[in-house]
Amino acid sequence: MSRKYWLVKCEYDTCSFEELSNRPNGIGYWRGVRNYQARNFIRDEMEEGDQAFFYQSNCKEPGVAGVVDIVRAGYPDPSQFDDAHQYYDEKSTKDDPRWFSLDVQWAKAFEPYVSLQDMKENKRLKDMKVVQKGQRLSIQPVTEKEFDIVCKMGGL
DNA sequence: GCCAACGTTGGC
DNA sequence: GCCAACGTTGGC
């Protein structure tokens with residue numbers, strides 16, 4: 001079992017990388033992923049010990065701010081059972097949960113920040129999912145090679 | 001704020 | 001099971 005690599009997206013306004021670093025132990029919880037492809041990655045493939053890029057979307061300069069460790073993955077997303085929650089799913093049951101969550105821990109910040117534009121301009125990253133047009137998936141697998149390249153761009 | 005790309009829903 | 005309509009994502 002070798003370590004896997006991911007890219008996890010978050011809207012900048014909801015959870016910036018800086019905000020994550022200020023939390024107790026730098027731990028953040030992913031809730032509300034309601035896409036089946038992303039769900040399958042979280043439930044079936046993501047494991048404790050994997051690493052991920054923390055990608056910020058919906059902001060002036062979208063891109064990767066740094067690296068997080070996956071500290072827990074593939075457990076049922078609590079928000080689906082809470083009928084007061086915006087992510088409540090009435091069709092999901094505790095015996096057969098439909099949606100899953102992951103927890104991440106702040107690991108290392110990039111310096112410099114690696115913007116989407118930077119990644120698009122790097123020919124060696126042309127097959128990376130996040131640079132493809134129309135790619136909206138919030139949880140994406142990243143190859144080891146892509147992980148190394150982007151880490152170098154981010155000064156690690 | 002616009003709009004292209006994509007996923008989901010639901011009628012048939 | 002097709003596909004049009006609709007909703008959402010997310011870069012620009």
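All chains are named by letter (A, B, ...) in the order of the sequence lines, taking the proteins before the strands, and each is independently numbered beginning at 1.
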Asker: Do A/Arg34 and A/Asp77 meet the salt-bridge criterion of a basic N to acidic O distance under 4.0 Å?
Answerer: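 Answer for the salt bridge query: yes.
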Asker: Taking the six-membered ring where the residue is Trp, are the ring centres of A/Trp99 and A/Tyr87 under 6.0 Å apart?
Answerer: no
Asker: Could A/Glu48 and A/Arg72 be called an ion pair, given the rule that one side-chain N must be under 4.0 Å from one carboxylate O?
Answerer: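 Judged by the 4.0 Å cut-off on N to carboxylate O distance, A/Glu48 and A/Arg72 do not form a salt bridge.
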Asker: Report which part of the nucleic acid A/Tyr12 touches: base, sugar-phosphate, or nothing (heavy-atom distance under 4.0 Å, all strands).
Answerer: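 Counting heavy atoms under 4.0 Å across all strands, no contact is made by A/Tyr12.
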Asker: Compute the ring centroids of A/Phe53 and A/Trp6, then answer whether they are less than 6.0 Å apart.
Answerer: no
Asker: State whether the number of non-hydrogen atoms from other residues, nucleotides or ligands found under 6.0 Å of A/Gln132 atom CD is greater than 12.
Answerer: yes
Asker: Taking protein heavy atoms under 4.0 Å as touching, what does nucleotides 4-9 of chain B look like 5' to 3' if B marks base contact, S marks sugar-phosphate-only contact and - marks none?
Answerer: -BBSS-
Asker: Hey, does A/Lys120 reach any base, or is it just sugar-phosphate, or nothing, if we go heavy atoms under 4.0 Å?
Answerer: sugar-phosphate
Asker: Rounded to the nearest Å, what distance is computed from the OH atom of residue A/Tyr55 to the P atom of nucleotide C/dG10?
Answerer: 8 Å
Asker: Any Lys/Arg nitrogen of A/Asp89 or A/Arg98 sitting under 4.0 Å from an Asp/Glu carboxylate oxygen of the other?
Answerer: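 Here A/Asp89 pairs with A/Arg98 in a salt bridge, since their nearest N and O are under 4.0 Å apart.
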Asker: Which heavy-atom pair separates A/Leu125 from A/Val131 by the least distance, and what is that distance?
Answerer: O-CG2, 3.4 Å
Asker: When the distance from CD of A/Gln117 to C1' of C/dG10 is rounded to whole Å, what number comes out?
Answerer: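 Interatomic distance, CD of A/Gln117 to C1' of C/dG10: 15 Å.
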Asker: Run the numbers on A/Ser101 and A/Arg43 for side chain to side chain donor-acceptor pair (under 3.5 Å), then give the verdict.
Answerer: CA-CA 8 Å; A/Ser101 277; A/Arg43 186 189 59 185; over 6 Å; no
Asker: Just to be sure I understand the geometry, which residues of residues 78-88 of chain A put a non-hydrogen atom under 4.0 Å away from DNA chain B?
Answerer: none
